[in-house]
Structure formats: C-alpha cells, structure tokens
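Not measured: the values here are computed from a predicted model.
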Amino acid sequence: MRRHRVAVLALDHLAPLDFGIPGQVFWAAETPDGEKLYEVVTCSEGRKPVRCSAGYTVRPDHDLDVLDTADTVLVPGIHAGRPLKDGTISDGLRAALHGRPRVMSICTGAFVLAAAGLLDGRPATTHWREAPRFAELFPQVKLDPDVLFVDDGDVLTSAGVAAGLDLCLHVIRRDHGSEVANRTARRCVMPPWREGGQAQYVERPLPDETAGGTAATREWMLAHLADPLDLNALAAHARMSVRTFTRRFREETGMSPAKWLAGQRVRHARHLLEATDLGVEEVARRAGFGTAVSLRQHLHAAVGVAPLAYRHTFRRI
C-alpha cells in the first residue's frame with residue numbers, strides 16, 4: 001500500500017514543537033498489522049538550514065520541489081518573519097503552496113497560508129493570542145479564534161501548539177477512520193479528542209475557587225447522552241443555579257452547555273456509525289438526538305454529510 005506523503009515546510013523562526021508534531025503523530029498511524037500509513041518529509045526554500053526559535057538550526061532533507069510529490073503540505077508555526085510582520089511571503093513560496101491536494105497549518109502557520117492567498121473567503125483559525133493581528137492583516141479570511149482547528153476540506157488550520165496534535169489526529173481519523181485514529185492517540189499517549197475550543201485557554205481572571213466546577217457534571221452528561229438533558233437538570237446535578245452553571249461551564253469549556261452537549265452527541269453518533277451496524281434511528285436514539293431527522297441535521301451541520309454517507313466513507317477501511 002502506498003503511503004500518504006506529508007511534506008512539512010520549514011521557515012525561519014520555526015516553532016520547534018509545531019515542526020515535530022507531524023513527524024510524531026503521522027508516523028504513529030499504522031494498520032492493525034503495523035504497516036505505516038504516512039511518510040513525512042521536510043523541506044525549505046532552497047533546502048537551506050532554518051533557524052528555530054529554540055536556539056538551534058534545522059536542516060531539511062528537501063527543497064520545495066518535494067511539494068510536487070506530496071499528498072498533504074503542512075506549515076508549522078513561526079515566531080517572527082514577514083508573514084507575521086506584514087502578511088507577505090516570497091513569490092516562490094506563494095507559487096509553491098498553490099495547487100496542492102491538501103494544505104494544513106499549525107498555530108501561526110496560518111499566517112503563511114493567508115499570505116499565500118489560500119484562505120481568502122474561507123474559515124480558518126490560529127493561536128488566540130495572534131488572532132487580533134491576523135484579523136488586521138487578513139480581513140478577507142473568516143477567522144474563528146475560538147476553535148481548536150478548522151477543517152475546510154482541502155485547507156485545514158489549527159490553533160496554537162497542542163492543537164496541532166488535535167488537527168493531525170483529526171486528519172488521520174478523516175483518512176482512515178476512528179479505529180486507526182484512536183490507536184494512534186494511544187500510541188502518542190494523548191486523548192482521541194479534546195473538549196471545547198481554545199477559548200478555554202485564553203488568559204482571563206481565575207474563577208472563584210470556592211465555587212464548584214462543572215467537570216463532574218460533564219462526566220455525568222457523557223454517561224447519559226441518550227437521556228433528555230435540559231439546562232435545569234444539568235444545573236441541579238452541579239448544585240448550582242442555571243445562571244451560575246452556564247457561566248462556569250463557559251469559563252471552563254469555552255462554549256455553552258447546549259453547544260458542548262450537541263458536540264458530544266455528534267461525536268458519539270459518529271463512533272456508532274463507524275464501529276457498529278446499528279440503524280440510523282437507533283444511532284440517533286443512543287446518541288440523544290431522538291430521531292433520525294435530528295441526527296441528520298446535526299451531523300450535516302458538523303461534517304457536511306448525511307449519516308449513511310458518513311458511514312460509507314469511514315467504514316471503507
């Protein structure tokens with residue numbers, strides 16, 4: 001089986017962890033027989049050594065010509081340089097990034113994709129701390145600074161650093177299904193997915209430590225996805241008023257209880273569609289949507305396809 005080739009583009013002022021993430025996560029993706037599913041290669045303009053922000057130099061194996069052989073091009077974050085300063089890149093780099101089957105970025109790598117014109121009119125994200133600067137430089141991009149990553153088909157962007165792990169794992173899941181992605185996550189000692197968005201990591205005053213958190217109630221919600229769960233019941237479980245519970249929940253997860261619950265139900269429905277032969281009505285019931293119509297609406301809003309089409313796609317392996 002031909003391995004999917006991921007080309008990682010190294011630029012000056014490289015963020016070292018961002019650069020290392022694809023080589024680790026994609027390398028860990030295997031078939032049950034241990035066959036590697038991805039090949040990761042590195043490149044730079046002119047195959048030149050690239051200075052990293054941690055005080056050492058990276059020497060990629062290839063120049064930009066290797067992008068012609070790549071199935072996916074990934075741009076890690078950078079901590080300085082033209083894309084962050086004035087939103088520009090070289091003409092050669094711009095040309096090299098266009099026409100690729102799939103392009104991804106981690107953290108401030110989104111500045112590079114935006115500077116290349118690849119994000120014009122499209123949804124994208126980047127590190128929450130750099131979001132105001134990004135919005136100023138690239139007003140034509142539909143920036144969402146609250147999410148961990150954005151999948152817009154052939155162009156995917158992620159938030160800061162560890163969100164690159166989430167994005168790479170998401171791509172593996174999209175390419176090969178949940179079993180491969182979950183096995184990869186275990187290999188990398190990381191969760192198959194993280195709850196919430198990056199809004200939960202934005203600097204803000206700490207909540208009152210004397211007040212209880214919502215973690216226990218979130219665990220309870222996950223164990224009762226099939227049950228009707230309204231805001232009054234959730235607040236009662238947390239032993240808070242509805243107003244306090246809603247505020248605390250948003251502080252801890254970056255989203256409302258209803259949005260978080262809908263996301264968990266969609267994830268559970270996706271798992272059932274991938275891993276079982278249950279009918280769509282039963283999947284809808286077990287995931288807490290009640291009817292196939294409701295499941296179809298939520299799944300289409302989340303991933304753009306109907307339940308049976310989703311099952312057909314992700315059970316092909």
Side-chain angles (χ1 to χ4, degrees), residues 1-31 33-79 81 93 96-97 100-113 126-127 148-149 151 154-177 180-194:
M1 181 174 63
R2 177 183 174 275
R3 295 180 183 179
H4 182 111
R5 173 170 275 196
V6 178
V8 182
L9 173 62
L11 301 172
D12 278 326
H13 314 289
L14 186 68
L17 181 55
D18 294 5
F19 183 68
I21 284 172
Q24 181 64 45
V25 179
F26 287 117
W27 172 85
E30 300 176 340
T31 68
D33 296 329
E35 184 177 355
K36 298 293 184 184
L37 295 170
Y38 296 88
E39 173 192 15
V40 179
V41 297
T42 58
C43 64
S44 65
E45 292 187 85
R47 199 182 171 189
K48 295 177 181 177
V50 173
R51 191 67 179 169
C52 141
S53 62
Y56 57 87
T57 297
V58 173
R59 186 181 294 275
D61 290 340
H62 304 275
D63 62 19
L64 297 184
D65 288 345
V66 78
L67 300 184
D68 293 333
T69 71
D71 302 291
T72 296
V73 175
L74 191 150
V75 182
I78 52 176
H79 289 155
L93 183 55
L97 287 171
R100 305 305 170 191
R102 182 165 68 190
V103 182
M104 302 167 54
S105 68
I106 297 176
C107 194
T108 50
F111 280 74
V112 179
L113 300 190
T126 189
H127 194 293
L148 293 176
F149 59 83
D151 180 346
D154 60 335
V155 179
L156 303 93
T157 53
S158 73
V161 193
L165 294 164
D166 299 305
L167 179 58
C168 290
L169 200 60
H170 167 75
V171 167
I172 293 170
R173 191 175 194 274
R174 200 178 90 170
D175 290 349
H176 298 286
V180 173
N182 291 345
R183 190 164 56 245
T184 303
R186 289 193 296 270
R187 179 76 177 270
C188 294
V189 196
M190 60 181 287
W193 60 73
R194 285 191 294 162

If you take all heavy atoms of Ser53 and His79, which pair is closest and at what distance?
-> OG-ND1, 2.8 Å

Closest contact, heavy atoms only, Ala7 versus Leu67 = CB-CD2, 3.7 Å

Which residue pairs pass the salt bridge (Lys or Arg N to Asp or Glu O under 4.0 Å) test when at least one of the two sits in residues 53-68, sequence neighbours left out?
-> Asp68-Arg100

Report the residues that fulfil side chain to side chain donor-acceptor pair (under 3.5 Å) with Thr69, sequence neighbours left out, ordered by chain and then residue number.
-> Arg5

Would you call Cys168 and Leu74 a side-chain contact if the rule is heavy atoms closer than 4.5 Å?
-> yes

Residue pair Leu97, Val75: steps toward the side chain to side chain contact (heavy atoms under 4.5 Å, CB included) verdict = CA-CA 10 Å; Leu97 287 171; Val75 182; 4.3 Å; yes

Test: Arg102 and Asp151 ion pair at under 4.0 Å = no

Can you name the closest pair of heavy atoms from Cys43 and Val66 and give their distance?
-> CB-CG1, 3.6 Å

Sorted by chain and residue number, the salt bridge (charged side-chain N to carboxylate O under 4.0 Å, His left out) partners of Glu30 (sequence neighbours excluded) come out as Lys36, Arg187

Is the closest side-chain heavy-atom distance between Leu156 and Arg174 below 4.5 Å?
-> yes

Nearest heavy-atom pair of Ala110 and Thr157: which atoms, and what distance?
-> CB-CG2, 4.3 Å

Using the test side chain to side chain donor-acceptor pair (under 3.5 Å), find all partners of Thr184 that sit at least two apart in sequence or belong to another chain.
-> none

Pair His4, Thr72: side-chain N/O donor-acceptor within cut-off below 3.5 Å = yes

Interatomic distance, His62 atom NE2 to Thr42 atom OG1 [nearest 0.5 angstrom] = 6.5 Å

Test Leu167 against Met104 for side chain to side chain contact (heavy atoms under 4.5 Å, CB included), laying out the working first.
-> CA-CA 9 Å; Leu167 179 58; Met104 302 167 54; 3.7 Å; yes

Apply the test side chain to side chain contact (heavy atoms under 4.5 Å, CB included) to residues Leu64 and Leu9: give CA-CA distance (whole Å), side-chain angles for both, the deciding distance (0.1 Å), then the verdict.
-> CA-CA 8 Å; Leu64 297 184; Leu9 173 62; 3.5 Å; yes

Return the set of residues passing ring-ring contact (aromatic ring centres under 6.0 Å, His included) with His170 (not counting sequence neighbours), or none when no residue passes.
-> Phe149

State, with a plain yes or no, whether a side-chain heavy atom of Val180 is found less than 4.5 Å away from one of Asp175.
-> no

Heavy atoms of Thr57 and Pro49 approach each other most closely as CG2-CB, 3.5 Å

Give every donor-acceptor pair under 3.5 Å between a side-chain atom in residues 10-29 and any protein atom, sequence neighbours left out.
residue: Asp12; atom: OD1; partner: Arg51; partner atom: N; Å: 3.3
residue: Asp18; atom: OD2; partner: Gly77; partner atom: N; Å: 3.1

Will you find, in the side chains of Tyr38 and Asp71, an N or O donor that is under 3.5 Å from an N or O acceptor?
-> no

Contact check, side chains of Ile78 and Phe111, non-hydrogen atoms, under 4.5 Å | no

Nearest atoms (heavy-atom pairs only) where His127 meets Cys107 | CB-SG, 3.7 Å

Does the side chain of Val41 come within less than 4.5 Å of Val8's, by heavy atoms?
-> no

Asp154: partners by side chain to side chain contact (heavy atoms under 4.5 Å, CB included), with sequence neighbours left out | Arg122

Which residues share a salt bridge (charged side-chain N to carboxylate O under 4.0 Å, His left out) with Arg47, sequence neighbours left out | none

What pairs with Lys48 under salt bridge (charged side-chain N to carboxylate O under 4.0 Å, His left out), at least two apart in sequence or on another chain?
-> none

